[in-house]
Amino acid sequence: MSRPVSAEGEYTSLAGAGLGLRRSLLDSLADLSTADVNFMEVAPENWIGVGGRFGKKFRSYTERFPFTLHGLSLSIGSPSPLDLEFVKAVKRFMTEHNIALYSEHLTYCSDNGHLYDLLPIPFTEEAVKYTAARIRQVQDILGCRIAMENASYYCAPEQDMSEIDFINAVVSEADCNLLLDVNNIYVNSINHRYDPVAFLRALPGERTTYIHIAGHFDEAEDLRVDTHGSDVIPPVWQLLQEAYDCFGVLPTLLERDFNIPAVPELLEEVNQIKSIQASAQKAASGEEVLVRE
Amino acid sequence: MNDPTPVFQVSQHTLVAHLRNPNKNRAPEGIEDRRLNIYRELIYNNIENFIASGFPVLKDVMSEANWHAMVRDFIECHESHSPYFLEISQEFLKYLAFSYPSRPA
């Protein structure tokens, strides 16, 4: 069966500024259009198999907005075998809702059973090979590249290599894409004491499908927790700007999972993404003019 | 003959065992405890929250100590195979039916 093609014919490619859709937002975002929010994202784990009233409402969103999936339970770095039934369910879900992009975290969340939280894969050569092979297996089943996210982490057991080398090695060996999370870079740069801009610049921009931005929690001066429960802070906005300067303007999505404010306040942050994108675009085309002259 | 478990997986099993039950399983060496504590709390609170919202009456009738002992036992002993968060309640029912109490009182 061929994939359904949307009327606009553009639903497979993301652009502009997006917002994570949550069950609690289904009613309050119902009147928005793609002029307000250019694309949306959900965790497939929260929607696969959901029918009835919620399923119908969700369908009304996937019919109106371009969507991307951001998974939580793939457990790509787990010592246990991949859950292939789950991967196939994701594939059916993508076809059913005409969603072309599946992203996941470069983490694991299970040993012999799920813990439902994301843990850091040990940064070792062996783990690179193992994880990359599993990403390739998922890509083979889905028939497309997936985007792996640079995840936040609070400790790094069994670390043989740097985080940046680990990410780059996995992405290159798996031949997959990157979901670049600027908040995670910021959080990790504090938690693990590195320069966030140097880290950002070392990521593979040409493989970056889209960007995530979010707020976090200050556990301590030197320890930040990636909660998605507060507003984006200025240094993280700055890192977004830096990412555009470095890699060009990329589709960017606001993640907000807790303490969700009223819609106008939420849209203010989405609009801030748009305005940073517009000024980066302008700066870039200005440079082009200069080069041509 | 099977290959030995890779070093990074041994480390994963150590970390996860500790997170499942920190009182019973030693923390991985050389890691600051407050950093591990973030994971301990994230995991416990998240799962406890899902079970509490799925079984409010059960939580109500149990003493707080027994409730938390049961949730801890679930996290430690039950292998949840469902990738779906909404099915954590079903995993908990399976635990109640087949494993609870998994250790003598």
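Residue numbering restarts at 1 for every chain, and letters A, B, ... go by the order of the sequence lines. Keep in mind that this is a model prediction, so the values were computed, not measured.
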Partner chain B: residue of S73(A), A89(A), S110(A), G77(A) with the largest heavy-atom pair count (under 4.5 Å): S73(A)
Interchain contact, N112(A) with chain B, by part (heavy-atom threshold 4.5 Å): both
Atom of E126(A), atom of V7(B) and distance for their closest heavy-atom approach: OE1-N, 3.8 Å
L86(B), part contacting chain A, at a heavy-atom distance under 4.5 Å: side chain
Max heavy-atom pair count under 4.5 Å with chain A, selected residue of H13(B), R20(B), E32(B): R20(B)
Point-to-point distance, once rounded to the nearest 0.5 Å, from CG of L115(A) to CD1 of I75(B): 8.0 Å
Plane angle bin for Y39(B) and Y154(A) - parallel if under 30°, tilted between 30 and 60°, otherwise perpendicular: tilted
Part of I38(B) lying under 4.5 Å from any heavy atom of chain A: side chain
Contact check, side chains of Q12(B) and D111(A), non-hydrogen atoms, under 4.5 Å: no
Carboxylate-amine/guanidinium contact R40(B) D117(A), below 4.0 Å: no
Side-chain touch V16(B)/Y108(A), heavy atoms, less than 4.5 angstrom: yes
Heavy-atom pair count under 4.5 Å with chain A, highest-scoring of L36(B), I43(B), I47(B), L19(B): I43(B)
Residue part contacting chain B, namely of N191(A), when any heavy atom lies under 4.5 Å: both
Interface moiety of H81(B) toward chain A, non-hydrogen atoms closer than 4.5 Å: both
Engaged part of E91(B) at the chain A interface, taking heavy atoms whose separation is under 4.5 Å: side chain
Output field: ring centroids Y130(A)/F8(B) closer than 6.0 Å: yes
Interchain contact, V10(B) with chain A, by part (heavy-atom threshold 4.5 Å): neither
Nearest heavy-atom neighbours spanning R35(B) and C155(A): CB-CB, 4.0 Å
From CD (E158(A)) to OG1 (T14(B)), nearest 0.5 Å: 8.5 Å
Pick from F123(A), Y116(A), F86(A) with the largest number of heavy-atom pairs that fall under 4.5 Å of chain B: Y116(A)
Minimum heavy-atom distance P83(B)-E45(A), with the two atoms named: O-CG, 3.4 Å
Engaged part of L74(A) at the chain B interface, taking heavy atoms whose separation is under 4.5 Å: neither
Residue part contacting chain B, namely of A43(A), when any heavy atom lies under 4.5 Å: neither
